[in-house]
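Please read the structure below before turning to the comments.
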Protein chains: 2
Amino acid sequence: MEPHEPDLTAVPVTSVLAALADDVRLQIVRALAEGGESACGSFDFGVSKATRSHHLKVLREAGLTRTRAAGTSRLVRLRRDELDQLYPGLLDAVLTQRPPA
Amino acid sequence: MEPHEPDLTAVPVTSVLAALADDVRLQIVRALAEGGESACGSFDFGVSKATRSHHLKVLREAGLTRTRAAGTSRLVRLRRDELDQLYPGLLDAVLTQRPPA
DNA sequence: GGTGTTGTTCGATTATTGTCGAACAAGGGT
DNA sequence: ACCCTTGTTCGACAATAATCGAACAACACC
């Protein structure tokens with residue numbers, strides 16, 4: 001099966017924003033921004049592995065991440081360069097952790 | 001009734017993103033960015049006035065807009081300065097019109 | 001006071017999305 | 001070959017969100 005990693009310019013901006021507009025997915029994106037390429041299993045944010053897989057699919061299909069197989073794991077990474085080029089400032093704006101309240 | 005215009009720092013970034021992750025609302029935000037303060041009725045994007053009022057409420061409660069009464073109309077404006085300060089690059093990234101496909 | 005304009009709110013419907021457990025698939029050991 | 005690990009996919013269900021028409025409220029104007 002094709003990995004469904006679309007050309008970023010073909011993804012409507014609302015889809016990109018919607019992908020980022022979820023707490024679990026935002027935590028995944030932040031972890032990727034900090035830790036670089038990581039296995040799916042490393043994102044344990046209190047949801048089941050089915051749900052985690054779903055969120056990673058949403059991120060991938062919104063053009064935010066790329067995935068490659070590595071043994072029994074799959075390694076995910078942020079498409080940061082492409083994102084920064086097409087939407088300069090977006091990731092930076094979203095990634096910086098805010099004061100708690 | 002209070003207008004429910006929250007302090008931007010009190011709004012979770014996921015709510016800001018979710019507010020922008022809708023086609024109708026994005027059109028409203030773009031119109032506001034271009035045209036400045038406008039009456040609610042000026043945003044005719046193919047939805048009923050009830051739906052339009054709903055979307056304006058979402059934008060307002062996400063901290064993206066401010067509304068003031070003016071006669072029988074209500075004038076809406078973007079909270080651009082605050083947004084640019086708290087999320088530099090976000091609006092710019094989202095507002096620029098992409099090539100059609 | 002009545003009428004028209006402009007929005008909001010209510011209740012209902014529909015569509016979308018998040019969540020899970022269970023079943024399945026692919027690899028890597030041993 | 002067997003098992004364990006790692007993810008994905010498949011229903012199903014719950015929660016959220018978009019949409020509308022109709023009723024309501026506030027205001028201006030005649």
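Source: prediction; values computed, not measured. In what follows, chains are A, B, ... by sequence order, proteins preceding strands, each numbered from 1.
Residues from residues 37-45 of chain B with heavy atoms under 4.0 angstrom of DNA chain C, sorted by number: B:Ala39, B:Cys40, B:Gly41. Contacts between residues 68-77 of chain A and DNA chain D, counted as heavy-atom distances below 4.0 Å, involve A:Thr72, A:Ser73, A:Arg74.
Contacts of A:Arg77 classified as salt bridge (charged side-chain N to carboxylate O under 4.0 Å, His left out), with partners at least two apart in sequence or in another chain: A:Glu37. With sequence neighbours left out, the salt bridge (charged side-chain N to carboxylate O under 4.0 Å, His left out) criterion links A:Asp23 to no other residue. With sequence neighbours left out, B:Ala18 forms a side-chain contact (heavy atoms from CB on, under 4.5 Å) with A:Ala21. Take A:Asp7 and apply the side-chain hydrogen bond (donor to acceptor under 3.5 Å, both in side chains) test, not counting sequence neighbours, and it matches A:Thr9. Residues forming a salt bridge (charged side-chain N to carboxylate O under 4.0 Å, His left out) with A:Arg74 (at least two apart in sequence, or on another chain): none. Scanning for side-chain contact (heavy atoms from CB on, under 4.5 Å) contacts around B:Ala69 gives an empty result, with sequence neighbours left out.
Look at CZ on A:Arg60: it is 12 Å from C1' on D:dT9, rounded to the nearest Å. Here the P atom of nucleotide C:dT9 and the CG atom of B:Leu56 are 12 Å apart, to the nearest Å. Straight-line distance from the CD1 atom of A:Ile28 to the P atom of D:dG7: 12 Å, rounded to whole Å.
Between B:Ile28 and B:Leu56, some side-chain heavy-atom pair lies under the 4.5 Å cut-off.
In terms of modelled atom types and a separation under 3.5 Å, the side chain of B:Thr96 and the main chain of B:Val94 share no donor-acceptor contact.
Applying the salt bridge (charged side-chain N to carboxylate O under 4.0 Å, His left out) definition to pairs two or more places apart or across chains, those involving residues 81-91 of chain B are B:Arg66-B:Glu82, B:Arg79-B:Glu82, B:Arg80-B:Asp84.
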With 3.5 Å as the limit, what N/O pairs link the protein to nucleotides 17-22 of chain C?
unit_1, atom_1, unit_2, atom_2, d
C:dG18, OP1, A:Arg25, NH1, 3.3
C:dG18, OP1, A:Arg25, NH2, 2.9
C:dG18, OP2, A:Arg25, NH1, 3.4
C:dG18, OP2, A:His54, NE2, 3.3
C:dT19, OP2, A:His55, NE2, 2.5
C:dC20, OP2, A:Ser48, N, 2.8
C:dC20, OP2, A:Ser48, OG, 3.4
C:dC20, OP2, A:Thr51, OG1, 2.8

Donor-acceptor contacts under 3.5 Å from residues 40-54 of chain B side chains, at least two apart:
unit_1, atom_1, unit_2, atom_2, d
B:Ser42, OG, B:Ala39, O, 2.6
B:Asp44, OD1, B:Gly46, N, 3.4
B:Ser48, OG, B:Ala50, N, 3.4
B:Ser48, OG, B:Thr51, N, 3.2
B:Ser48, OG, B:Thr51, OG1, 3.2
B:Arg52, NH1, B:Phe43, O, 3.4

